[in-house]
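Everything below concerns the one structure shown next.
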Amino acid sequence: MSEEKKDELKPSVSFIEQFIIDDLKDGKNNGRIHTRFPPEPNGYLHIGHAKAICLDFGMAEKHGGKCNLRFDDTNPVKEDVEYIDSIKEDIHWLGFGWDDREFYASDYFGKLFEFAIDLIKRGLAYVDDQPADVISSQKGTPSQPGTMSPFRSRSAAESLDLFYRMNEGEFEEGSHVLRAKIDMASPNMHMRDPIIYRILKTPHHRTGDTWKVYPMYDFAHGQSDYFEGITYSLCTLEFEVHRPLYDWLVDQLKTSDYRPRQIEFNRLNLTYTMMSKRKLLELVQEKKVSGWDDPRMPTLCGLRRRGYTPESIRRFIDLIGYTKVEAINDVSLLEYAIREDLNLRSPRVFGVLDPLKVVITNYPADKVEEMEIINNPEDESKGTRKVPFCNEVFIERDDFMEDPPHKFFRLAPGTEVRLKGAYIVKCESFRKNESTGIIEEVYCTYDPATRSGSGSEKKVKGTLHWVSARHAIDAEVRLYDRLFDHEDPAGQKDDDYRNFLNPGSLKVLTGCKLEPSLKTAKKLEKFQFQRLGYFCVDYDSTEAHPVFNRTVSLKDTWAKVNK
RNA sequence: UGUCCCGUAGUGUAAUUGGCAACACGUCUGAUUCUGGAUCAGAAGAGUUCAGGUUCGAGCCCUGACGGGACAACCA
């Protein structure tokens with residue numbers, strides 16, 4: 001496509017960005033834009049969170065605003081400091097920062113408590129002494145109105161006294177709750193006198209045992225937004241029905257024209273995986289994966305360990321967009337994003353996963369040549385390196401066939417291929433173990449006139465990667481595939497997602513042969529193993545025992561043709 | 001028998017105040033290539049869930065169906 005035509009394409013913005021642009025134009029909030037990213041510290045961030053992060057931080061960045069990091073830590077039972085550092089690390093890794101604006105909903109427990117007291121005094125909240133199941137049954141159903149609690153009409157003074165005593169620790173968990181007095185007949189369930197405070201005696205990871213009552217999400221989120229001067233509170237679609245309650249609470253709180261606006265967008269769904277933090281935690285606890293950072297997990301730390309770059313994830317998020325349509329995105333688009341990124345940046349190296357020895361019978365046994373190999377054909381500035389070559393090399397086992405099919409451009413009896421960066425060789429014979437049928441060695445002759453870079457005109461159809469048998473280093477290579485073999489493992493009503501775990505999602509290969517330059521590769525360093533795919537150094541890797549993870553394979557049209 | 005949200009190529013998104021349905025991925029050709037990768041050139045694929053209405057003109061506005069989703073945690 002020409003530059004001109006590219007320029008003609010109008011930059012399209014999401015419906016949310018359009019709201020922001022319009023507000024800015026109207027001078028709303030004095031042209032101020034302030035968002036927040038509000039994770040609950042009860043698990044690791046996954047790629048779905050990345051979608052929210054890119055929007056929250058991205059919109060602020062793009063339009064000259066700010067984005068706060070705010071931990072939504074209103075439930076000490078589920079939350080833990082363990083998660084806080086990892087969440088911060090992952091956001092930084094993606095390339096976003098929040099300066100000194102690191103906040104916690106628990107920072108506002110005092111103000112929230114005061115606000116609750118204010119509501120009680122104004123007759124807009126009351127303490128309910130009924131147990132959970134009774135309160136629940138009085139809520140009615142989505143199609144039937146609820147009925148009022150007998151405690152709804154009790155005096156403000158009595159509620160106030162009870163609420164204070166709830167926080168003193170005088171009552172057991174579950175014995176009393178504070179409810180907003182709104183409308184038990186509302187068609188919106190969330191408006192039927194929602195519970196706004198409950199008694200919890202588990203110590204909080206930040207406030208210890210200062211509090212015995214904790215605000216519910218709905219009573220903390222909008223108010224926290226308000227306290228921080230947030231202008232756009234962006235969240236996923238399932239909070240749409242909460243918006244009237246969000247607005248109702250802000251209405252009771254606000255003292256000026258300013259108010260934060262909640263806007264909902266579609267959450268990210270990816271094929272062959274799931275985003276439920278609860279279920280991902282189960283996978284970890286049940287040891288179905290090695291941990292939160294297992295390279296098969298959709299977590300950011302998992303993707304990082306798998307070899308994904310933050311740029312590729314941001315590019316992916318950019319490609320899928322933000323709408324109100326509940327969609328399921330194809331993982332192949334994520335794979336496209338990482339291939340596109342790594343194709344440009346990663347050095348090419350030789351690695352043989354399933355080695356088959358080739359002996360070059362007319363090459364002197366005591367000779368070693370240092371072949372000069374281009375590091376990255378996409379980037380000349382990356383230069384070249386020397387790779388040793390001798391009379392014994394390993395090639396990929398499936399690059400040789402005794403009896404090849406049509407259009408097999410690789411090695412077979414009597415055929416010629418180029419060993420990339422070295423010579424053209426011809427297969428003269430091979431040795432096969434007749435009882436097992438396994439090919440043990442292949443014998444070739446090379447043509448000295450075809451050395452790469454010598455200007456040889458000779459062309460062959462196939463080019464193979466190879467590693468000198470005498471110089472290769474041994475490595476473990478972990479081949480990863482999708483964790484589930486069902487497109488939507490968690491969405492099957494009658495089937496547990498565990499039934500769709502892909503038994504072939506991890507294949508561990510040992511005795512792989514890599515070119516010697518890889519010996520000094522650093523953790524997470526990324527390479528293209530020529531003709532195979534993109535790989536990175538795993539955390540488990542040591543110089544004595546290198547371990548590589550396959551991030552994603554190269555596109556393989558030959559494999560497709562053979563299906 | 002509720003309320004709210006959403007229906008545009010296989011998938012994900014576009015389409016300024018109504019004006020020839022566009023882009024990306026995927027798919028398929030061909031060229032090129034010392035990676036069966038990459039790159040380049042090209043093709044196929046929806047007439048916008050359906051039915052009415054308003055209009056010179058509707059993917060966009062209105063009405064009604066149909067389909068999908070959310071909502072009845074002392075979770076977020």
Side-chain angles (χ1 to χ4, degrees), chain A residues 1 9-10 12-14 18 38-40 42 72-75 77-79 105 128 131-132 135-137 139-146 173-179 186-192 195-200 213-214 216-218 220-221 235 237-244 264 266 271 277-278 318-330 332-337 339-340 343-344 348 350 374 377-378 407-410 417-422 424 450 452-453 456 458-465 528-533 553-561:
Chain A
M1 188 187 289
L9 292 174
K10 290 158 201 150
S12 69
V13 299
S14 70
Q18 193 58 57
E40 184 187 15
N42 69 341
D72 221 332
D73 57 348
T74 57
N75 186 358
V77 179
K78 287 190 172 178
E79 295 149 8
D128 197 331
I135 291 177
S136 168
S137 65
K139 280 236 163 165
T141 69
S143 54
Q144 285 170 305
E173 287 186 10
S175 63
H176 300 262
V177 290
L178 184 67
R179 293 228 255 168
S186 170
N188 183 330
M189 298 291 289
H190 295 276
M191 299 299 271
R192 323 243 261 229
I195 292 168
I196 57 179
Y197 260 100
R198 78 289 211 192
I199 300 170
L200 252 27
V213 292
Y214 291 89
M216 299 285 289
Y217 164 82
D218 285 306
H221 203 98
C235 62
L237 251 23
E238 67 267 30
F239 290 99
E240 206 152 20
V241 284
H242 292 245
R243 186 159 17 104
E264 310 86 11
N266 60 345
T271 53
K277 269 205 265 184
R278 200 198 85 232
D318 210 47
L319 287 169
I320 62 176
Y322 298 88
T323 68
K324 302 194 70 160
V325 187
E326 294 183 53
I328 178 154
N329 290 272
D330 202 323
S332 64
L333 192 63
L334 214 210
E335 292 173 349
Y336 160 78
R339 284 194 188 104
E340 180 186 57
N343 175 47
L344 262 26
R348 271 58 170 174
F350 291 155
I374 293 167
E378 305 289 333
K407 284 197 167 177
F408 183 80
F409 303 144
R410 308 177 187 183
V417 296
R418 173 171 288 284
L419 295 179
K420 188 170 174 70
I424 290 176
T450 58
S452 290
S456 163
K458 190 167 177 180
K459 301 269 184 228
V460 285
K461 269 288 199 183
T463 301
L464 307 186
H465 61 282
Q528 185 197 94
F529 285 12
Q530 204 105 158
R531 299 210 304 138
L532 297 176
S553 65
L554 245 34
K555 276 214 265 178
D556 189 348
T557 51
W558 173 244
K560 208 187 307 178
V561 167

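Numbered from 1 within each chain, the chains take letters A, B, ... in sequence-line order.
A gap of 13 Å separates the P atoms of B:A14 and B:A9, to the nearest Å. Nucleotides B:G59 and B:C50 place their P atoms 11 Å apart, quoted to the nearest Å. Annotation: B:U27 and B:G37 have their P atoms spaced 11 Å apart (nearest Å). With P as the reference atom, B:G12 and B:G26 are 16 Å apart, rounded to whole Å. One C1' atom belongs to B:A15, the other to B:C20, and the distance between them is 12 Å to the nearest Å. Comparing the P positions of B:U17 and B:C60 gives a spacing of 15 Å, expressed to the nearest Å. Taking atom C1' in both B:U32 and B:A38, the straight-line distance is 11 Å, to the nearest Å. Across B:U49 and B:C40, the matching C1' atoms stand 39 Å from one another, rounded to whole Å.
Listed nucleotides B:G12, B:U13, B:A76 differ in distance to A:Met216; the shortest reach to its side chain belongs to B:A76. Comparing B:C75, B:A24, B:U35 against the side chain of A:Lys78 picks out B:C75 as the nearest. Distances were taken from every side-chain heavy atom of A:Thr323 (C-beta onward) to each of B:U13, B:U35, B:C25; the shortest belongs to B:U13. Listed nucleotides: B:C34, B:G37, B:G12. Nearest to the side chain of A:Glu378: B:G37. When distances are taken from the side chain of A:Ala327 to each of B:A38, B:U13, B:A70, the shortest belongs to B:U13.
Within the 4.0 Å cut-off from OP1 or OP2 of B:A76, at least one side-chain nitrogen or oxygen of A:Thr74 is found. For B:G36, the OP1/OP2 oxygens have a side-chain nitrogen or oxygen of A:Arg531 closer than 4.0 Å. Contact annotation: A:Lys560 reaches the phosphate of B:C28 (side-chain N/O to OP1 or OP2, under 4.0 Å). Residue A:Lys459 has a polar side-chain atom (N or O) positioned under 4.0 Å from OP1 or OP2 of B:C34. Close to B:C25, at under 4.0 Å from its OP1 or OP2, lies no side-chain N or O of A:Ser332. In this structure, A:Arg418 does not reach the B:G36 phosphate: none of its side-chain N or O atoms is under 4.0 Å from OP1 or OP2. In this model, the phosphate group of B:G37 is approached by a side-chain N or O of A:Thr557 to a distance below 4.0 Å at OP1 or OP2. The phosphate of B:G36 has neither OP1 nor OP2 within less than 4.0 Å of any side-chain N or O from A:Lys407.
Pairing for B:A72 is absent, judged as Watson-Crick or G-U wobble with the two contacts each under 3.5 Å. Base pairing annotation: B:U16 forms no Watson-Crick or G-U wobble pair, as no partner gives both donor-acceptor distances under 3.5 Å. Searching all strands for a Watson-Crick or G-U wobble partner of B:A21 with both distances below 3.5 Å returns nothing. Within the shown strands, nothing qualifies as a pairing partner of B:A9 under the Watson-Crick or G-U definition with both distances less than 3.5 Å. Pair check for B:G47 finds none; no Watson-Crick or G-U wobble contact set falls under 3.5 Å. Nucleotide B:A58 forms no Watson-Crick or G-U wobble pair with any nucleotide shown, as no partner meets the under 3.5 Å limit on both distances. Applying the Watson-Crick and G-U wobble criteria (two distances, each under 3.5 Å), B:G30 pairs with B:C40.
A:Arg410 and A:Trp558 get closest at one heavy-atom pair: NH2-CD1, 2.9 Å. Among all heavy-atom pairs drawn from A:Asp128 and A:Arg179, the shortest one is OD2-NH2, 3.1 Å.
Between the side chain of A:His242 and the base of B:A76, at least one donor-acceptor pair of N or O atoms lies under 3.5 Å. A donor-acceptor contact under 3.5 Å links the side chain of A:Gln528 to the base of B:U35. On a pure distance criterion of 3.5 Å, a polar donor-acceptor pair joins the side chain of A:Arg410 and the base of B:G36.
Contact annotation for A:Ser136: backbone-only contact, meaning every heavy-atom pair under 4.0 Å involves sugar-phosphate atoms and none involves a base. Among the heavy atoms of the strands lying under 4.0 Å from A:Tyr322 are primed sugar atoms or P, OP1, OP2 only; no base atom is included. Residue contacts shown for A:Pro145 are absent, as no nucleic acid heavy atom lies under 4.0 Å away. Within the nucleic acid shown, A:Leu419 has no heavy atom closer than 4.0 Å to any nucleic acid atom. Contact annotation for A:Ala132: base contact, defined as any heavy-atom pair under 4.0 Å involving a base atom. Among the protein residues, A:Phe409 comes within range of the nucleic acid bases, having at least one heavy atom under 4.0 Å from a base atom. At a threshold of 4.0 angstrom between heavy atoms, the contacts of A:Phe408 include nucleobase atoms, whether or not backbone atoms are also involved. At the heavy-atom level, A:Pro38 lies nowhere under 4.0 Å from the strands shown. Base engagement by A:Gly421 is indicated by at least one non-hydrogen atom pair under 4.0 Å involving a base atom.
Under the stacking criterion of a centre-to-centre distance below 5.5 angstrom and an interplanar angle below 30°, A:Tyr217 is not stacked against the six-membered ring of B:A76.
Looking at A:Glu264 and A:Arg243, a side-chain N of the basic residue comes within less than 4.0 Å of a carboxylate O on the acidic one, giving a salt bridge.
A:Arg418 places a side-chain N or O within donor-acceptor distance of the main-chain N or O of A:Thr450, the cut-off being under 3.5 Å. No donor-acceptor pair under 3.5 Å is formed between the side chain of A:Asp73 and the backbone N or O of A:Glu40. The backbone N or O of A:Thr323 sits less than 3.5 Å from a side-chain atom of A:Asn266, completing a donor-acceptor pair.
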Side chain to side chain contact (heavy atoms under 4.5 Å, CB included) evaluation trace for A:Arg339 with A:Ser553: CA-CA 9 Å; A:Arg339 284 194 188 104; A:Ser553 65; 4.0 Å; yes
Please test A:Glu173 against A:Arg198 for salt bridge (charged side-chain N to carboxylate O under 4.0 Å, His left out), starting from the C-alpha separation and ending with a verdict. CA-CA 8 Å; A:Glu173 287 186 10; A:Arg198 78 289 211 192; over 6 Å; no
Verify side chain to side chain contact (heavy atoms under 4.5 Å, CB included) between A:Leu200 and A:Asn75, making sure each step is shown before the conclusion. CA-CA 8 Å; A:Leu200 252 27; A:Asn75 186 358; 3.9 Å; yes
Step by step, would you call A:Lys324 with A:Glu240 a salt bridge (charged side-chain N to carboxylate O under 4.0 Å, His left out)? CA-CA 10 Å; A:Lys324 302 194 70 160; A:Glu240 206 152 20; 2.8 Å; yes
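Annotated as anti: B:G53, whose O4'-C1'-N torsion sits more than 90° from 0.
Aromatic ring orientation, A:His242 versus A:His190: tilted (interplanar angle from 30° to 60°).
Remark on RNA chain B: of its neighbouring residues A:Ala422 and A:Asp218, the 5'-side contact belongs to A:Ala422, judged by nearest-heavy-atom nucleotide. Of the two residues contacting RNA chain B, namely A:Gln530 and A:Ser175, the nearest-nucleotide position lying further toward the 5' end is that of A:Gln530.
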Letter by letter from the 5' end, nucleotides 1-9 of chain B scores (B base, S sugar-phosphate only, - none; protein heavy atoms under 4.0 Å) -BS-SS---
